Protein chains: 2
Amino acid sequence: MRSPQVQAARNGETPSPSPPHHQHRQQQHHHHNQTPFHSTLSVQKLRRFNSLIFVFRLAAFSFSFASSVFMLTNSRGSASPRWYDFDAFRFVFAANAIVALYSLFEMVASVWEISRGVTLFPEVLQVWFDFGHDQVFAYLLLSADSAGTALARVLKGLDTCNASSAFCVQADIAIALGFAGFLFLGFSSLLSGFRVACFIINGSRFHL
Amino acid sequence: MRSPQVQAARNGETPSPSPPHHQHRQQQHHHHNQTPFHSTLSVQKLRRFNSLIFVFRLAAFSFSFASSVFMLTNSRGSASPRWYDFDAFRFVFAANAIVALYSLFEMVASVWEISRGVTLFPEVLQVWFDFGHDQVFAYLLLSADSAGTALARVLKGLDTCNASSAFCVQADIAIALGFAGFLFLGFSSLLSGFRVACFIINGSRFHL
């Protein structure tokens, strides 16, 4: 069941007591090309799983980067209100910038893993790092976007938005983009949570 | 490794192809008392896992129930502002009430599972129901509390809080209790996520 690539990814670990349908991997060597049909299938599934994570990372990066740019450029002359005078908008910008940087790093780690078959950090560190940061940053981003939404609604009630409606529209767009980024970060966190559970149960990040 | 109780909990399922250290469970019958030492240990671990979930549910229920009561009773005569005039505060109340009801139901389901050894719903439905609702409600509650925080900060800047500071203090307490409820709901969602992953990987909600 386990592919040679999986075997190569677990280098440095002592083999755990294995169920019988996994036994043949001790006899295999990953430079040989005697891969049975199942292993090829496993490798394909594995690559699809990693590609899916990469796509989610890319989407999260795009949306959160766009959101932080929209928020950052939201100042129109001295008459208009400035975004950094509102703490909820500062929170939106900071959370989106953090998520954009993190997603960029995770995209690099993901490409590394797809191309080389090993994780960037040691495996145990990598799965917990990914999962922990996904969870925390997803909650952080949602919290920032909700706070921004509440502030934007209050500003509509006051006369700030009547005086400079472009400011409010641009802030709304930045918040909406942040919510889209949160959505994809949430999907990533589900997948990386599954990898952590695989690691706890099987001692490897692969479920195949 | 699998206990008789686990076996009883999987009634109605065809046994999946098992690794060798699980083979003895086909020969066991759960009315016999020939349980080896390992099975007793598994049952204990299982009960500890379920008890931990129950404790988190109880804490989430307590905090979100207290939060919704604090928000609901936050009206002091006709001169004071009323909580239901602010949409973010309505959101805080609604989210906390929903989470309190859901946690109450899940506590019943958890007690049922601990006492009888089977889930309230069929197993596949139960694990996905728990995980899905935990995730969605945790995000909902965090979103509501963040929006409430943003509104409370804005109100402090306006003169609403100077006129009736008790209103603002009570709203702050309700929001803080909501954050505590979110914390425990988030822990529950980690545990129920682990159960879902166990179910996907092993075909059972138990990892032991």
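Proteins come first, then strands; the chains are lettered A, B, ... in the order of their sequence lines, and each starts at number 1. Fair warning: this is a prediction, and the values are worked out from it, not measured in the lab.
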Please report the interatomic distance OG1(A:Thr149) to CG(B:Asp87), rounded to the nearest 0.5 Å. 11.0 Å

Side chain / backbone / both / neither for A:Phe91 at chain B, heavy atoms under 4.5 Å: neither

Considering only heavy atoms from C-beta outward, does the side chain of A:Phe194 approach that of B:Ile201 to under 4.5 Å? yes

With a 4.5 Å heavy-atom cut-off (strictly below), which parts of residues 166-176 of chain A touch chain B? List them by number. none

Pick one of side chain, backbone, both or neither for A:Leu190, based on which atoms fall under 4.5 Å of a heavy atom in chain B. side chain

Can you measure from CG (B:Leu151) to CG (A:Leu151) and round to the nearest 0.5 angstrom? 9.5 Å

Region of B:Phe86 in contact with chain A, defined by heavy-atom distances below 4.5 Å: neither

Residues two or more places apart in sequence or in another chain: which of them pass side-chain contact (heavy atoms from CB on, under 4.5 Å) with A:Ser51? A:Arg47, A:Ile114

Has B:Arg90 got more than 12 heavy atoms of other residues, nucleotides or ligands less than 6.0 Å from its CZ? yes

Please list, in residue-number order, every residue in residues 124-146 of chain A that has a heavy atom less than 4.5 Å from any heavy atom of chain B; write 'none' if there are none. A:Phe131, A:Gln135, A:Ala138, A:Tyr139, A:Leu142, A:Ser143, A:Ser146

Neighbourhood of chain A inside residues 53-61 of chain B, taking heavy atoms under 4.5 Å as contact: none

In terms of heavy-atom pairs under 4.5 Å with chain A, which of B:Ala147, B:Gly186, B:Gly157 leads? B:Ala147

